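So the structure is just underneath, and the comments pick up after that.
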Amino acid sequence: MLAEIGHLALILALCLAAVQAVVPLWGAAVNDARLMAVARPAAAAQFGFLLISFVALALCFVNNDFTVAYVAQNSNTALPVWYRISAVWGGHEGSLLLWVLMIAGWGLAVALASRTLPLEMLARVLGVMGLISLGFLAFTQFTSNPFERLLPFYPVNGRDLNPLLQDVGLIFHPPMLYMGYVGFSVAFAFVVAALLSGRLDSAWARWSRPWTTAAWCFLTLGISLGSFWAYYELGWGGWWFWDPVENASFMPWLAGTALMHSLAATEKRGVFRAWTVLLAISAFSLSILGTFLVRSGVLTSVHAFASDPERGLFILALLAVVTGSALLLLLFRAHTIRSTGRFELASRETFLLWNNLLLVGACAVVFVGTLFPLAVDILGFGKLSVGPPYFNTLFAPLTIILLAFLGVGPLLRWKRHDLKGLLRTLAPLAVLAMVAGFVLPYWFTGSVPLLVGLSVALSLWVGFTALYDIADKLRNKRNKLRGLAGLSRSYWGMTLGHLGLAVMVVGVAVTSYYSVERDVRMALNEPLDVGPYQFELLRLRDYQGPNYTSTQGIIRVSNPAEGFETLVRPAKRMYTVQQMPMTEVALMPSLIQEIYVAMGEPLDDGSWAVRVHYKPFVRWLWLGSLIMALGGFIAIMDPRYRTERVRRVVDARAGDADVAGA
Amino acid sequence: MSPGLKLSLLLGAPVVGFFVLLGFLAAGLGRDPSLLPSALLDRPLPGFQEPGLLDIDPVTPADLTGQVSLLNVWATWCPPCREEMPYLVALAESGVTIHGLAYKDDAGAVRQWLDHYGNPFRTLMNDADGSLGLDLGVYGAPETFLLDAEGVIRYRHVGIIDPRVWEEDFLPRIRALEEEPS
């Protein structure tokens with residue numbers, strides 16, 4: 001019964017999405033306020049029905065209703081109840097339901113938070129979001145219905161959730177990621193609405209900014225959660241594999257980051273308009289492309305969903321309609337787009353342009369690396385693989401140049417700045433950063449590869465210049481504390497975002513070059529030295545989990561020199577239903593020297609192969625991305641996004657540096 | 001030329017690019033990325049001379065002949081290879097001849113890896129720049145080619161070999177090869 005209610009709610013949501021798509025857009029075209037007013041309630045009702053549908057599916061999981069095919073494929077009575085709930089998005093059909101629920105959720109958020117938006121604009125934005133929602137709901141309903149029954153012959157028990165997904169990180173990772181993917185649909189809808197109305201003004205850019213930043217924050221959190229999960233759950237000690245599915249989430253992130261920055265220039269100075277439009281279309285299109293790559297089976301990947309060409313064709317058709325029509329609309333309107341602002345070479349605009357070129361370049365690198373094997377295959381040149389060497393070689397220089405510019409860009413004024421004077425002021429900081437960047441790693445480790453030195457130096461450069469800028473802003477304030485509190489939230493958001501990137505780069509550089517990985521044979525009560533640490537396997541313990549059996553090693557880690565000693569408990573689990581072994585890693589979390597212990601395989605003589613990693617600074621990676629996301633959220637809180645004032649004309653004299661690109 | 005027209009022409013590029021991309025993706029849809037290009041199936045290995053990792057002498061196709069064997073393409077940077085390696089060791093211990101190709105890898109890392117997992121390989125080639133992988137049409141690691149006694153490629157498997165893959169995909173083909181009149 002629950003499944004039928006859920007299915008019915010899904011169909012009703014589909015109908016409401018059609019209403020939300022057609023009526024307000026038609027109303028905006030013929031300028032009928034009553035028709036346009038349908039947008040808000042339709043968006044709310046669509047979300048309501050999808051929520052019912054989602055809850056119904058979740059209850060089917062909680063109740064172990066194995067007559068529902070999707071439940072039978074992804075759950076089991078022995079599965080703990082919180083994993084039964086997260087199993088709702090553990091497979092293709094359910095994760096798609098989450099996708100559409102989130103599109104509707106963003107639609108509802110727009111409907112609720114848009115009191116300052118003119119009705120015509122709101123109608124168009126929600127109408128476009130309705131169209132997108134309609135496409136994905138049709139996809140769910142016609143190719144991927146999660147409520148399909150297995151009647152009359154249904155299994156007594158389910159096939160269980162993939163053990164890789166039975167983890168706290170995986171409860172939160174997909175929802176965060178989808179929030180980001182889907183969130184870019186709002187920026188996309190704003191662009192299409194603005195193109196439809198023919199008014200690509202600064203008001204449009206200002207409305208888009210908080211939504212774009214919000215989506216970007218969720219995507220940042222989603223990607224870093226996924227990376228953290230891969231690190232501690234897969235047991236390989238890696239945190240990024242340049243896997244096609246990872247790349248699929250990284251491309252919209254890069255495009256979205258570029259979009260946030262070009263939106264700032266478009267809003268403040270009226271420049272880069274066509275470019276910003278193109279980026280907004282790209283960010284969401286890359287999200288859909290990612291969905292296509294993951295769910296169609298054109299690429300082999302460690303964690304692709306089961307491949308299905310028919311589904312692939314449907315998503316491809318959606319991509320063609322969504323992106324194709326937006327691009328054609330842009331082409332059609334191109335003659336109306338004028339960039340109004342003028343700026344000189346030494347200006348914030350120029351540096352934002354650099355930022356965009358570098359980010360889009362990075363996105364192109366990932367795009368080519370991900371799709372090149374496919375293209376080569378189709379063109380009949382055989383099959384080939386690019387792999388991590390390609391990505392790492394190209395990403396290192398791009399990141400380093402980006403950081404070099406990042407140290408200067410935020411300090412510049414719009415339109416024109418005395419760059420020479422600024423660089424003269426900053427020169428001592430640059431020298432200090434350069435020296436410290438090479439000396440500090442050398443001091444602690446005795447060696448410093450060029451890339452590590454450069455990365456640390458440029459990260460310090462970004463940090464120093466950010467501090468300098470804050471100090472500079474407080475120079476004429478009598479009360480420094482009040483001056484600090486007086487800086488706008490946008491400014492704090494931007495600064496945190498940039499510092500977060502610097503922290504992350506330090507983490508990547510240090511952990512990539514100084515990590516030590518040792519595979520050792522560990523017998524009971526035979527101490528082993530790895531680096532400055534001593535490891536001793538004290539005993540092995542077998543125990544029974546809810547749906548797995550486990551062998552746990554109890555290992556004493558000590559460092560006699562520092563008088564430090566602790567126990568870690570890595571384990572090897574065998575999930576009984578799917579007969580799949582899993583590694584439960586033991587971590588000694590530390591910002592500086594992280595120790596990572598994973599059980600390998602039992603060896604003949606009763607000893608175990610154990611993987612011991614020493615991972616300095618690896619936490620900085622995720623800490624950095626958390627800081628970035630935090631910066632984004634603070635920037636959204638800036639009250640200026642909530643004022644009633646709508647500026648139609650960019651004030652060409654606006655030149656103060658209190659503005660920030662989130 | 002008016003600025004509007006110029007912009008239209010500029011914007012034409014992404015539009016065209018997008019539709020070309022769509023065409024490619026549509027063409028990619030029906031394909032199974034794990035299928036071997038027909039050009040290599042039932043053909044002898046391409047000629048090569050690769051530095052060996054177990055022995056000083058370079059490895060040539062002649063070293064891979066004499067009996068039915070597997071050619072496993074792997075790398076230490078490839079997470080699934082970790083999963084596969086213990087099973088390859090077990091297969092080698094049960095008498096299967098396995099040749100290895102370390103793909104775009106670092107010789108030191110490979111040796112450390114073999115110290116840890118044991119060495120399942122009769123010969124091991126070092127394809128540091130991936131050129132032989134390119135000739136073989138390697139898509140990613142791990143991949144395994146089934147070679148007959150003459151060194152002709154008879155089957156290709158993309159992804160790891162586990163007991164199920166071995167039973168269903170490899171064993172029947174190996175039996176058929178062994179029954180073939182030579």
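This structure is a prediction, so every number in the text was calculated from the model and none was measured. Chain letters run A, B, ... following the sequence lines, proteins first and then strands; every chain starts at 1.
- The aromatic rings of B:F170 and B:Y155 lie perpendicular to each other, with more than 60° between the two planes, well past the 30° mark.
- Proximity to chain B is absent for every atom of A:I281, based on heavy atoms less than 4.5 angstrom apart.
- Heavy-atom minimum distance, B:E84 versus B:I161: OE2-N, 3.0 Å.
- Heavy-atom distances place both the backbone and the side chain of B:P14 under 4.5 Å from chain A.
- With hydrogens and angles left out, the side-chain atoms of B:T123 and B:H99 include a donor and acceptor closer than 3.5 Å.
- Taking the six-membered ring for Trp and the full ring otherwise, the centers of A:W242 and A:F395 sit less than 6.0 Å from each other.
- Interface remark: A:R611 contributes side-chain atoms only to the contact with chain B (heavy atom separation under 4.5 Å).
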